[in-house]
Asker: 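After the structure tokens below, expect a handful of questions from me.
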Number of protein chains: 2
Amino acid sequence: MIARNPSLTDQVKAHLKERIHAGAFDEGRIPSETVLAAELGVSRTTIRDALSRLEHEGTIYRRQGAGTFVNPPGLRIRSRLEEMWSYEDVLRAHGFTPSVRILGIDTLPADASVADDLSIPVGASVIVMEKLFLEDAEPVALARNVIPAGLLRGEPADHAEEPVFAYLEAHCDRRLAYYLSEIVPVVLGGVQAARLGVVDGTAAISFEEVGFDQDNEPVVRATSIFRDDLLRFRLIRRKTGT
Amino acid sequence: MIARNPSLTDQVKAHLKERIHAGAFDEGRIPSETVLAAELGVSRTTIRDALSRLEHEGTIYRRQGAGTFVNPPGLRIRSRLEEMWSYEDVLRAHGFTPSVRILGIDTLPADASVADDLSIPVGASVIVMEKLFLEDAEPVALARNVIPAGLLRGEPADHAEEPVFAYLEAHCDRRLAYYLSEIVPVVLGGVQAARLGVVDGTAAISFEEVGFDQDNEPVVRATSIFRDDLLRFRLIRRKTGT
DNA sequence: CAGTGGTCTAGACCACTTT
DNA sequence: AAGTGGTCTAGACCACTGA
């Protein structure tokens with residue numbers, strides 16, 4: 001419990017999470033912050049940081065004056081919407097062993113909407129990549145990523161089977177920092193329904209999002225559609241001040 | 001800048017948010033943490049807490065060694081999914097001045113699914129309340145709340161026009177702490193389509209959720225459906241460790 | 001009442017960016 | 001080299017819970 005990176009807080013968090021999932025705490029009661037600090041040889045502040053994150057994730061809950069406890073309903077969440085990263089990981093978290101099929105890679109001129117989202121001129125070249133994620137032979141998700149061609153070094157097809165964040169790192173040394181996402185309901189039909197293997201008229205969730213890099217510049221515009229019968233998103237909603 | 005409650009951190013956060021929205025920072029650059037701490041007469045820790053929350057909300061971003069900056073794309077978010085509370089507030093944040101119509105209040109026996117979610121016996125009485133939220137005469141959202149009858153003190157119809165969290169406080173002195181939510185795509189038809197004023201076959205987002213109180217006990221099961229053409233949800237997705 | 005979590009401080013050292 | 005945010009510490013005081 002001395003090494004840096006991962007940070008002490010992250011180590012404490014991982015350690016506690018492990019003990020929680022192993023059912024190591026009687027009656028779901030977690031030792032007090034003072035006790036944990038002494039036990040792990042770190043300051044109370046570090047313990048509190050770790051506990052705060054676990055609380056935010058829904059793993060535990062705290063009651064002033066009473067104590068800190070395991071939160072069983074929160075443990076049922078497989079993947080939290082605000083934290084999902086690569087779709088491969090999301091699928092793995094749901095117990096799948098996903099595979100990826102590249103449906104197409106094209107270089108096209110950006111239309112007004114894409115140009116605006118990516119802060120590039122209308123008509124500038126963009127790489128459009130369509131992927132299908134499958135579990136066994138069953139399609140689970142359909143994704144379309146649009147990346148400014150100017151960012152790429154190397155052939156668009158290289159690393160195409162990797163997750164978008166890895167693709168961006170390999171091609172342009174940009175690290176994806178966050179997505180700004182809209183949740184859109186759609187009725188599947190035609191090509192999309194066929195690709196996802198559902199009947200026309202099936203409802204699905206679509207994410208319309210823009211990904212930003214470490215310097216807060218837009219680097220990818222993504223649209224992803226999911227089979228609701230195979231993958232359902234969960235999140236925790238809380239009240240916050242201001 | 002001395003009073004407790006709201007906490008110093010909350011006051012600092014609100015203060016900075018105001019200055020940010022007023023465009024008070026040149027080039028989007030926010031003063032360093034040290035400067036802010038001196039300026040506002042609080043410790044750097046307090047400043048950092050406030051900045052961390054603003055960063056999490058997408059209002060600002062920070063780059064180690066470089067500084068803290070306003071995040072223009074984040075400012076466009078009207079209401080964040082993880083933070084929405086009463087639907088009235090969500091609608092107001094989108095510029096509406098909502099009204100509520102009670103469609104019905106019934107007392108029914110709980111089926112297996114509801115009983116499980118609310119930790120009550122199958123067949124126990126529950127209050128079922130259906131509400132329609134409108135902007136002018138236009139329906140925007142349809143909500144169905146199910147509350148264990150055993151929790152209520154007083155007539156179910158009392159306070160029915162108030163938001164659920166206020167209803168629960170008034171009737172049972174329970175404060176809603178958080179919702180565990182599932183996002184479900186639906187195709188509207190029949191009664192629901194008619195109530196929401198859309199044609200059969202329109203896609204919509206539905207939230208299936210369970211609300212928990214301050215003691216982490218389930219107190220309400222809710223289903224809410226929204227008109228996508230009038231209300232669209234946004235959120236920030238980030239990578240997190242572990 | 002003792003013990004818990006909630007808030008806040010002052011200060012140290014580090015990693016990183018910018019000049 | 002100077003300045004920035006990132007991490008961590010030790011300690012203080014408060015509000016609240018439960019025996």
Side-chain angles (χ1 to χ4, degrees), chain A residues 1-16 25 27-56 59-71 173 175 177 213-216 238 240-241, chain B residues 1-16 25 27-56 59-71 173 175 177 213-216 238 240-241:
Chain A
M1 195 60 73
I2 44 164
R4 295 283 158 88
N5 240 1
S7 69
L8 263 185
T9 301
D10 285 338
Q11 294 178 55
V12 169
K13 184 186 156 205
H15 171 83
L16 291 174
F25 297 116
E27 314 262 330
R29 185 183 191 94
I30 292 169
S32 77
E33 301 177 347
T34 316
V35 169
L36 286 175
E39 206 173 293
L40 301 179
V42 299
S43 74
R44 192 184 150 210
T45 307
T46 301
I47 296 290
R48 275 189 65 74
D49 279 353
L51 289 177
S52 294
R53 297 201 212 170
L54 289 173
E55 182 178 35
H56 196 82
T59 307
I60 62 170
Y61 66 98
R62 304 196 271 191
R63 282 173 47 213
Q64 179 172 155
T68 303
F69 309 87
V70 174
N71 187 20
D173 196 32
R175 269 154 298 164
D213 72 358
Q214 72 271 25
D215 293 328
N216 215 44
R238 286 196 162 75
T240 68
Chain B
M1 196 59 76
I2 42 162
R4 296 285 158 88
N5 241 0
S7 70
L8 263 186
T9 302
D10 285 338
Q11 294 178 55
V12 169
K13 184 187 156 205
H15 170 83
L16 291 173
F25 297 116
E27 313 263 329
R29 183 180 193 95
I30 292 169
S32 76
E33 301 177 347
T34 317
V35 169
L36 285 176
E39 206 172 293
L40 301 179
V42 299
S43 74
R44 192 183 152 211
T45 308
T46 301
I47 296 290
R48 277 188 64 74
D49 279 353
L51 290 176
S52 294
R53 296 201 213 169
L54 289 172
E55 183 178 35
H56 195 83
T59 306
I60 62 171
Y61 66 98
R62 304 196 271 191
R63 282 174 46 215
Q64 179 171 152
T68 303
F69 308 87
V70 175
N71 187 19
D173 197 33
R175 269 154 297 165
D213 72 359
Q214 72 271 27
D215 293 328
N216 214 45
R238 287 197 162 75
T240 67

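Chain letters run A, B, ... following the sequence lines, proteins first and then strands; every chain starts at 1.
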Asker: May I have the distance from Leu16(B) (atom CG) to dG5(D) (atom P), rounded to whole angstrom?
Answerer: 12 Å
Asker: Taking Arg63(A) for the side chain and Phe69(A) for the main chain, is one N or O donor matched with an acceptor at less than 3.5 Å?
Answerer: no
Asker: Distance check needed: dG5(D) P versus Arg63(B) CZ, whole Å only.
Answerer: 11 Å
Asker: What is the distance, rounded to the nearest whole Å, between atom NZ of Lys13(A) and atom C1' of dC8(D)?
Answerer: 18 Å
Asker: Here's a test of your reading of the structure: between Gly65(A) and Gly67(B), which maps to the more 5' nucleotide of DNA chain D?
Answerer: Gly67(B)
Asker: Give the nucleotide from the list dC8(C), dG6(D), dG6(C) with an atom nearest to the side chain of Gln64(B).
Answerer: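 Side chain of Gln64(B) sits closest to dG6(D).
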Asker: Heavy atoms, side chains only, cut-off 4.5 Å: are Leu36(A) and Ile30(A) in contact?
Answerer: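 When only atoms from C-beta onward are counted, Ile30(A) and Leu36(A) do touch, with a gap below 4.5 Å.
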Asker: Contacts to DNA chain D from residues 43-53 of chain B, heavy-atom cutoff under 4.0 Å, which residues?
Answerer: Arg44(B), Arg48(B)
Asker: Can you check the Leu40(A) CG to dT9(D) P distance for me, whole Å?
Answerer: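 After rounding, the reported distance stands at 11 Å.
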Asker: Between His56(B) (NE2) and dG6(D) (C1'), how many Å, whole number?
Answerer: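 His56(B) atom NE2 is separated from dG6(D) atom C1' by 18 Å.
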Asker: Do you know which two heavy atoms are closest between Pro6(B) and Gln11(B), and how far apart they sit?
Answerer: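 Result for this residue pair: O-NE2, 2.8 Å.
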Asker: I'd like to check Thr9(B) versus Arg53(B) (side-chain heavy atoms, cut-off strictly below 4.5 Å). Are they in contact?
Answerer: yes
Asker: List in chain and number order the residues that pass side-chain hydrogen bond (donor to acceptor under 3.5 Å, both in side chains) with Glu39(A), two or more places apart in sequence or in another chain; answer none if no residue qualifies.
Answerer: Arg19(A)
Asker: Classify Thr68(A) by what it touches in the nucleic acid, base, sugar-phosphate, or nothing, heavy-atom distance under 4.0 Å.
Answerer: sugar-phosphate
Asker: Return the value, rounded to whole Å, for the distance between atom OH of Tyr61(B) and atom P of dG6(D).
Answerer: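 Nearest whole value for this atom pair: 13 Å.
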Asker: Testing the basics here: between Gly67(A) and Arg29(A), what is the closest heavy-atom pair and its distance to 0.1 Å?
Answerer: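 For Gly67(A) versus Arg29(A), the nearest heavy atoms are CA-NH2, 3.9 Å.
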Asker: Report the nucleotide, chosen from dT18(C), dC8(C), dT4(D), that has the shortest atom-to-atom distance to any side-chain atom of Thr9(B).
Answerer: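 Nearest to the side-chain atoms of Thr9(B), counting from C-beta on, is dC8(C).
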Asker: Whole-Å distance between dA15(C) C1' and Glu33(B) CD?
Answerer: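 Distance check: Glu33(B) CD to dA15(C) C1' gives 14 Å.
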Asker: Between dT17(D) atom C1' and Asn216(B) atom CG, what is the distance in whole Å?
Answerer: 17 Å
Asker: Any side-chain donor paired with an acceptor under 3.5 Å for Arg48(A) and Ser43(A)?
Answerer: no
